[in-house]
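Right, one structure below, let's go through it.
Lettering of chains follows the sequences in order, A, B, ..., and the numbering in each one begins at 1.
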Number of protein chains: 2
Amino acid sequence: MIKNIGNYRQTILYGISLAILLLLLRWLELRYVILAHSFEIYAGAIALLFTALGIWLALKLNNPKVLTKVIEKEVFITQTANFVLNEQNLIALKLSARELEVLALMALGKSNQEIADQLFVSLNTIKTHSSRLFEKMDVKRRTQAVELGKKLSLIP
Amino acid sequence: MIKNIGNYRQTILYGISLAILLLLLRWLELRYVILAHSFEIYAGAIALLFTALGIWLALKLNNPKVLTKVIEKEVFITQTANFVLNEQNLIALKLSARELEVLALMALGKSNQEIADQLFVSLNTIKTHSSRLFEKMDVKRRTQAVELGKKLSLIP
DNA sequence: CCCAAAATCACCCTAAAGTATGAGGCTTTT
DNA sequence: AAAAGCCTCATACTTTAGGGTGATTTTGGG
């Protein structure tokens, strides 16, 4: 439960110092037979000392209040650099992984034939994918699909 | 106001340990038939009191150190919102005003026929514009032209 | 294991995009 | 005035894109 003794070291040291002080006073009392009227002096000294100790303790123990200042800093970010896919939109459109892949390649300006070559499938397959893609996205052309895809953060 | 008691636990523990210490001294006093010099008790009480006073003083007077924590909050700025045309790139490519206009409409996903209708010219004119556009931009397809146009900040 | 969705491919057809070439009118620059 | 550049349009042609239909295989979840 108490992991770090270090936190209580000050308290322990303080207690020890108090004990030593009291013993010292006791010793002085016995040694020099302190007169009763000098009690006020001791009391004052003790008061002063322990006030200082209290202050020191409080300052040590009091965690500095951290005032978090949130400063809005306008950061221009190329949206390609830190692109995060909007999964909500993706799910909403019910696009399959392959369809999204085709869309991404379309956005790069690739032709259907180039996409087919890159994905190692036939041209007809890409045509089928693109058709389904346009149907799901409710667009008529690939340029519209790309435009909408970027707006919905489906592609960078 | 004081949210975390945990900060003061050490202080409380210190008070308790002090009390125990005093009791111990009292017990020693009785044990060894120490004369009823109540000086220690007074000293302890004063010590306790003024320690508390010191703590209280310190907490009252101590201005909380304001640790300004600057958190850079990234504000995403849609590039469409504050689009500025990169005239250098435009001049470098030697695009005419009409060609840029056609490119912008292409970027919106419009077909050549739609662009022709919108600009009140014939389909063939748009084809000519687009051909020259692709030639100047050194691209083969409209999707590539749009991609490059956005990259070069020719269009939002 | 079975079913549904996804992925794959083919064929045919139409629409759109893109290329090539030529040409007339218009403005700006030299 | 001539040259150059831009905008316009046309015709003819090729390529690419896209729609419709049908089919097979793969795959993930109940």
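Here the CD-CG distance, from A:Q88 to A:L93, works out to 12.0 Å after rounding to the nearest 0.5 Å.
B:F134 places none of its side-chain heavy atoms less than 4.5 Å from the side chain of B:R141. The side-chain heavy atoms of B:L95 and B:L90, taken from C-beta on, include a pair separated by under 4.5 Å. Side-chain contact between B:I126 and B:L119: present, with at least one pair of heavy atoms (C-beta onward) separated by less than 4.5 Å. Using a 4.5 Å heavy-atom threshold, the side chains of A:N112 and A:L123 count as touching.
Inter-axis angle, ends of the helix from C:dC1-D:dG30 to C:dT30-D:dA1, five pairs per end, rounded to 10 degrees: 60°.
The CZ atom of B:R98 sits 19 Å away from the P atom of C:dG25 (whole-angstrom rounding). Note: CD1 (A:I115) to P (D:dT16) measures 13 Å, nearest angstrom. The distance between atom CD of B:E101 and atom C1' of D:dC6, rounded to the nearest whole Å, is 13 Å. If you take CG of B:L100 and C1' of D:dC7, they are 15 Å apart, rounded to a whole angstrom. Taking atom CD1 of A:I126 as the reference point, atom C1' of C:dA6 lies 14 Å away to the nearest angstrom. The CE atom of B:M137 sits 16 Å away from the C1' atom of C:dG18 (whole-angstrom rounding). One atom, NE2 of A:H129, and another, C1' of D:dT26, lie 12 Å apart when rounded to the nearest Å. The CZ atom of B:R132 sits 12 Å away from the C1' atom of D:dA4 (whole-angstrom rounding).
Across all strands, A:R142 comes closer than 4.0 Å only to sugar-phosphate atoms, never to a base (heavy-atom distances).
Listed pair A:S131 / D:dG19 meets the phosphate criterion, a side-chain N or O lying under 4.0 Å from OP1 or OP2. Not one side-chain nitrogen or oxygen of B:S96 sits closer than 4.0 Å to the OP1 or OP2 atom of D:dC6.
Along DNA chain D, the nucleotide nearest B:L95 and the nucleotide nearest B:V121 are compared for position; the residue whose nucleotide lies closer to the 5' end is B:L95.
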What protein N or O atoms touch nucleotides 10-16 of chain C N or O atoms at under 3.5 angstrom, if any, and at what distances?
none

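Taking both residues in full, the closest heavy atoms of B:I155 and B:K150 are given as CG1-N, 3.7 Å, listed atom of the first, atom of the second, then distance.
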| request: For the pair A:H129 and A:I115, evaluate side chain to side chain contact (heavy atoms under 4.5 Å, CB included) and give the outcome as yes or no after the intermediate values. | output: CA-CA 11 Å; A:H129 283 319; A:I115 296 170; over 6 Å; no

Hey, can you pull the donor-acceptor pairs under 3.5 Å for the side chains in residues 100-111 of chain A, sequence neighbours left out?
| residue | atom | partner | partner atom | Å |
| --- | --- | --- | --- | --- |
| A:E101 | OE1 | A:R98 | NH1 | 3.1 |
| A:K110 | NZ | A:Q118 | OE1 | 3.1 |
| A:S111 | OG | A:E114 | N | 3.2 |

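Ionic pairing of A:E99 and A:R132 is not present here: no N-O contact between side-chain nitrogen and carboxylate oxygen is shorter than 4.0 angstrom.
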